[in-house]
**Student:** 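Submitted below is the structure of interest, expressed as structure tokens.
No experiment lies behind these values; they were computed from the predicted model shown. Quick note on labels: first sequence line is chain A, next is B, and so on, each numbered from 1.
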There are 2 protein chains.
Amino acid sequence: MQQSLTREEKRKIKLDVILRNAAKAFMERGYYKTSLDDIARMQNVTKPTLYYYIKNKEDILVKCEEQTCGRINAMLDDVMAEKLSGFDMLHLFIKEYIKIITDDVARCHVRHRGQMEDDVLKAKSIENHKDIEFRVREIIRLGIKDHSVRDCNSTILAILLFDSLNGITSWYHSDGKVSENELIDEVLALVGVGVKG
Amino acid sequence: MQQSLTREEKRKIKLDVILRNAAKAFMERGYYKTSLDDIARMQNVTKPTLYYYIKNKEDILVKCEEQTCGRINAMLDDVMAEKLSGFDMLHLFIKEYIKIITDDVARCHVRHRGQMEDDVLKAKSIENHKDIEFRVREIIRLGIKDHSVRDCNSTILAILLFDSLNGITSWYHSDGKVSENELIDEVLALVGVGVKG
DNA sequence: AATTTATGTTACTATTCAGTAACAATATAA
DNA sequence: TTATATTGTTACTGAATAGTAACATAAATT
């Protein structure tokens with residue numbers, strides 16, 4: 001008998017629901033103020049059931065990170081494949097990055113990255129972000145080389161840029177006053193030409 | 001017999017040491033992974049002694065906040081008293097803000113603001129930051145009026161700026177590769193003229 | 001249909017830790 | 001010197017909660 005979804009597909013969907021609900025709760029109440037019982041209740045299951053999908057509480061953060069970093073890196077692959085000036089690449093990256101991080105799982109990752117209790121996982125998380133930051137620094141350096149970007153400290157610029165972009169996760173909601181396009185335009189204008197009148 | 005320090009002065013100093021040590025621990029290990037026993041041990045006292053200086057664990061965050069917001073608002077008073085263009089005021093604000101938040105107590109506040117469990121304290125903390133953000137928006141609006149700042153959405157700009165500046169607390173250390181002056185210059189250049197080549 | 005594998009439950013353990021009660025010592029003031 | 005306020009300690013309670021063992025059921029495979 002043919003099922004609409006295989007076991008593995010169902011499993012993947014259930015894990016995804018867990019991640020999404022957990023991420024939302026972590027963002028609203030905080031990681032330590034959200035118990036696994038709370039998360040289980042959202043799924044209408046009991047706590048031990050969660051352990052069929054995750055190794056432990058921290059593993060939720062790890063899985064949110066894997067999902068989000070995967071998306072960001074794929075996006076960076078696309079951006080860097082285009083034949084653009086460094087500045088235009090940076091422009092495109094910012095636009096796509098804002099689209100990606102407007103999502104509970106991504107927001108959860110951004111807020112909790114590098115905060116794992118397990119030292120190995122923590123180191124891996126920091127490494128994951130360093131890799132992404134390095135790729136953006138590379139874009140900036142390309143821009144400096146082709147003179148589309150002003151000569152500056154690419155390391156500091158990349159960090160300042162990421163802090164602004166990641167900060168968006170804690171205030172921007174797609175149903176609020178500011179539209180996604182208006183937000184993207186303001187960020188691009190600030191990065192592009194600054195604020196001088 | 002005349003003492004070098006009055007009781008009240010000694011008390012204030014001890015509270016300050018508690019805040020400083022707690023703030024440092026919270027930044028290194030995180031709020032929930034740092035117990036009051038840990039903090040007490042740093043002072044070479046026992047946990048109940050802390051309760052002579054603080055109401056409860058959360059009160060440490062509140063006191064770090066009061067101290068830091070007090071400094072920031074005093075600084076804003078000074079900045080706004082100067083006869084400067086909006087852009088130059090913003091410039092000065094950024095410079096002074098970076099100097100203030102390079103300090104464990106301020107870093108602790110920036111990282112934990114708005115995360116209190118007590119609803120009243122949480123609301124107050126959010127309000128405190130809103131007030132400061134409002135004052136910076138006012139500076140931006142002044143700049144737009146006198147044409148020293150490009151016409152833009154002052155709300156979004158203020159938030160993006162604060163995220164960049166507050167982000168500094170989690171990566172910048174005065175003993176690292178980047179000097180405070182270099183950091184300030186890069187931020188001012190980014191905000192001032194952007195990154196276009 | 002029988003067997004196995006995946007998915008779920010109830011009931012429990014073990015640990016951590018904020019906060020407190022009761023008591024002790026020390027410094028200041030009368 | 002004696003009385004009082006301040007600062008500290010030891011020893012405990014109570015609550016929360018991550019993770020597990022043992023058991024139950026449903027679904028797929030043979």
**Student:** According to side chain to side chain contact (heavy atoms under 4.5 Å, CB included), who are the partners of Ser85(A), at least two apart in sequence or on a separate chain?
**Tutor:** Phe87(A), Asp88(A), Asp146(A), Ser148(A)

**Student:** If the condition is side chain to side chain contact (heavy atoms under 4.5 Å, CB included), which residues does Asp185(B) pass it with, not counting sequence neighbours?
**Tutor:** none

**Student:** Figure out the CD/P separation between Glu117(B) and dA15(D), and round it to whole Å.
**Tutor:** 16 Å

**Student:** Do nucleotides 3-22 of chain C as a string where each nucleotide becomes B, S or -: B if the base has a protein heavy atom under 4.0 Å, S if just the sugar-phosphate does, - if no protein is that close.
**Tutor:** ---SBSBB-------BBB--

**Student:** Return the set of residues passing side chain to side chain donor-acceptor pair (under 3.5 Å) with Ser154(A) (not counting sequence neighbours), or none when no residue passes.
**Tutor:** none

**Student:** Name the atoms and distances for all side-chain donor-acceptor pairs under 3.5 Å in residues 173-180 of chain A, with sequence neighbours left out.
**Tutor:**
{"residue": "His173(A)", "atom": "NE2", "partner": "Arg107(A)", "partner atom": "NH2", "Å": "3.2"}
{"residue": "Ser179(A)", "atom": "OG", "partner": "Glu182(A)", "partner atom": "N", "Å": "3.1"}

**Student:** dT6(D) P sits how many Å from Leu15(B) CG, rounded?
**Tutor:** 16 Å

**Student:** For residues 120-160 of chain B, pull every pair meeting ring pair (Phe, Tyr, Trp, His ring centres under 6.0 Å), keeping only residues two or more places apart or in separate chains.
**Tutor:** His129(B)-Phe162(B)

